[in-house]
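One structure is given below, encoded as structure tokens.
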Amino acid sequence: MIRFTIALSSILLASLAVGQTSAQYDYQVPRTTDGHPDLQGVWENNTITPLERPDVFGSKKYLTDDDIAFINQRIGEIMAAGEDALFSGGVLEAVFSGEIKSYDPTTGNYDSQWMAKRTVHRRTSQIIDPPNGRFPPRTEAAIQSQRELKEWRAAHPADSWTDRPLGERCLTFGAPRLTSGYNSYWQIVQSKDAVVIYQEMAHDARIIPIVDQPHAPQNIKLWHGDSRGWWEGDTLVIETSNYSDASDTSPETDRKVNLERLTRISDSALQYQLTSHDPGQFDAPYTREIIFDYTEDKIYEYACHEGNYGMYNILSGHRAQERMAAQNQND
């Protein structure tokens, strides 16, 4: 059975509940040999905090002790039943609805043994701005784009491998990838002039130069964008622009700019904040916050292409459907 734990110490939970920072409880951040805050090591994003605040919480931003006791009780019951895997915010949704929603009801799901140990943090949503814990309104262009994509995939599910999502094709799962509970580990390595964030899924290494120089020219577009970093006190700030339109299904992805802030708030916790300005998708920027927990676990290779029989079977299965449809038409 997968064990679910409250990951942070009581003093840290209390400070987070009232919005305090590490400086307010006198945490001394460890330093590298060049004097920068030491963020190195392997950090897990296994939180159950959902991206958007569930309706059951209304305007409540933080879980109470009673909430946490109830959540842990319900999670234990769900896991004891040996149900399907619960990805990201699906854990909290199942706790309060009593319904286990399969990740992929069309072909069957992973079971719970695929998932890492999950952690309970105080926030009721990762989105902290807007204050309602929900995404800003989506643009009309983004809504139309998703509608067209859905219609296209319904009519052309696998005419070619290019009809399938980037993750299925083992090209990219995005950067930063913030889905929790499944290959959701980061390893951070620092030098004086660079920080490397190695994402376990799908073994992508983000190399962030800590240099005073402009971004790449606007005509250079990258799957994971072009990043530049700097220190603001004990916080590492990373600005990423120059995303390729092909890296996302939303319109005007090349206009997106992400600002990440990483602050070590205890020996075992890293506060991560992302402010995304994505004018092609949303009417306003939004900010989300996640607590990454330190772990002694290793990063493992995510060998997506190796033995990727899924893509072969998807394409060959659709060829079989086409043959059957042609045969029925001839009959």
Side-chain angles (χ1 to χ4, degrees), residues 5-32 36-53 60-63 68 88-89 92 116-131 133 175-181 184-190 195-200 206 208 210 227 229-240 258-277 285-297:
T5 60
I6 300 176
L8 303 182
S9 67
S10 58
I11 185 172
L12 179 57
L13 284 172
S15 67
L16 290 175
V18 294
Q20 291 178 321
T21 65
S22 58
Q24 289 171 293
Y25 60 88
D26 298 325
Y27 173 64
Q28 298 298 313
V29 180
R31 303 281 169 178
T32 61
H36 291 145
D38 191 348
L39 310 181
Q40 297 181 107
V42 178
W43 301 91
E44 61 180 28
N45 173 21
N46 289 328
T47 186
I48 70 162
T49 305
L51 178 52
E52 295 188 277
R53 184 175 301 137
K60 186 164 68 173
K61 295 181 180 180
Y62 299 99
L63 299 173
I68 290 177
S88 298
L92 208 57
K117 177 185 68 177
R118 306 300 292 277
T119 52
V120 180
H121 298 107
R122 288 282 185 180
R123 285 198 179 275
T124 57
S125 67
Q126 293 179 19
I127 293 180
I128 60 175
D129 186 47
R177 180 187 178 273
L178 299 175
T179 305
S180 61
S184 51
Y185 289 60
W186 285 7
Q187 184 170 8
I188 299 178
V189 180
Q190 294 174 236
V195 173
V196 176
I197 298 177
Y198 183 83
Q199 300 182 159
E200 186 173 37
R206 301 174 57 199
I208 299 110
I210 310 297
S227 296
W230 64 90
W231 294 98
E232 291 184 1
D234 290 340
T235 297
L236 173 64
V237 184
I238 305 168
E239 182 183 75
T240 306
N258 283 339
L259 193 70
E260 300 166 89
R261 302 178 67 87
L262 288 75
T263 309
R264 191 164 186 165
I265 57 176
S266 79
D267 286 342
S268 60
L270 184 74
Q271 183 187 69
Y272 173 85
Q273 289 188 344
L274 166 70
T275 298
S276 184
H277 177 69
Y286 66 88
T287 298
R288 59 192 289 191
E289 179 180 293
I290 305 170
I291 300 299
F292 281 69
D293 299 302
Y294 181 80
T295 179
E296 294 291 343
D297 290 347

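Quick note: numbers below take in every heavy atom, side chains included, and nothing from hydrogens, waters or symmetry partners.
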Note to self: Please determine whether side-chain hydrogen bond (donor to acceptor under 3.5 Å, both in side chains) holds for the pair R53 and T124, giving the CA-CA distance in whole Å, both sets of side-chain angles, and the decisive distance to 0.1 Å.
What the structure shows: CA-CA 6 Å; R53 184 175 301 137; T124 57; 2.9 Å; yes
Next item on the list: Applying side chain to side chain contact (heavy atoms under 4.5 Å, CB included), run through L236 and L39 and close with a yes or a no.
Entry: CA-CA 9 Å; L236 173 64; L39 310 181; 3.9 Å; yes
Looking at [atom1] of [X] and [atom2] of [Y], how far apart are the two atoms once the value is rounded to the nearest 0.5 Å?
X	Y	atom1	atom2	answer
I208	I197	CD1	CD1	4.0 Å
R118	E44	CZ	CD	10.5 Å
F292	T47	CZ	OG1	10.0 Å
D293	T119	CG	OG1	4.5 Å
I238	W230	CD1	CH2	9.5 Å

Which heavy-atom pair separates [X] from [Y] by the least distance, and what is that distance?
X	Y	answer
G233	P37	O-CG, 4.2 Å
D38	V29	N-CG1, 4.4 Å
P285	H277	CG-ND1, 3.6 Å
T49	Q126	O-NE2, 2.9 Å
G133	S125	CA-OG, 3.6 Å

Is it the case that the side chain of [X] and the backbone of [Y] share a donor-acceptor pair, with hydrogens and angles ignored and the cut-off at 3.5 Å?
X	Y	answer
T263	I265	no
Q199	R206	no
R122	Y62	no
Q271	R264	no
N45	L178	yes

Note to self: Strictly below 4.0 Å, N to O, side chains only: are E239 and R261 in salt-bridge contact?
What the structure shows: no
Checklist line | Evaluation steps, side chain to side chain contact (heavy atoms under 4.5 Å, CB included), between I210 and V195 | finding: CA-CA 7 Å; I210 310 297; V195 173; 4.0 Å; yes
Notebook entry, point to check: For V237 and L259, what are the C-alpha separation, side-chain angles and deciding distance, and is it a side chain to side chain contact (heavy atoms under 4.5 Å, CB included)?
Noted result: CA-CA 7 Å; V237 184; L259 193 70; 3.7 Å; yes
Check: Is there a donor in the side chain of S180 and an acceptor in the side chain of N46, or the other way round, less than 3.5 Å apart?
Finding: no
Next item on the list: Go through the side-chain N and O atoms of D234 and H36 and say whether any donor and acceptor fall under 3.5 Å apart.
Entry: no
Taking the side chain as everything from C-beta on, heavy atoms only, tell me whether [X] gets closer than 4.5 Å to [Y].
X	Y	result
Y185	Q187	no
E296	V42	no
I127	T287	no

Next item on the list: Tell me, with the steps shown, if N258 and S276 meet side-chain hydrogen bond (donor to acceptor under 3.5 Å, both in side chains).
Entry: CA-CA 5 Å; N258 283 339; S276 184; 2.8 Å; yes
Check: Aromatic ring centroids of Y198 and W186 under 6.0 Å?
Finding: no
Note to self: Please tell me whether Y294 and W43 form a close aromatic pair, meaning their ring centres lie under 6.0 Å apart.
What the structure shows: yes
Notebook entry, point to check: After noting the C-alpha distance and the side-chain angles of E289 and Q273, does the key distance pass the side-chain hydrogen bond (donor to acceptor under 3.5 Å, both in side chains) rule?
Noted result: CA-CA 4 Å; E289 179 180 293; Q273 289 188 344; 2.6 Å; yes
Next item on the list: For E260 and T240, run side chain to side chain contact (heavy atoms under 4.5 Å, CB included): C-alpha distance rounded to whole Å, both residues' side-chain angles, the deciding distance at 0.1 Å, then the answer.
Entry: CA-CA 8 Å; E260 300 166 89; T240 306; 4.0 Å; yes
Item checked: Within 6.0 angstrom of E232 CD, more than 12 heavy atoms from elsewhere -> yes
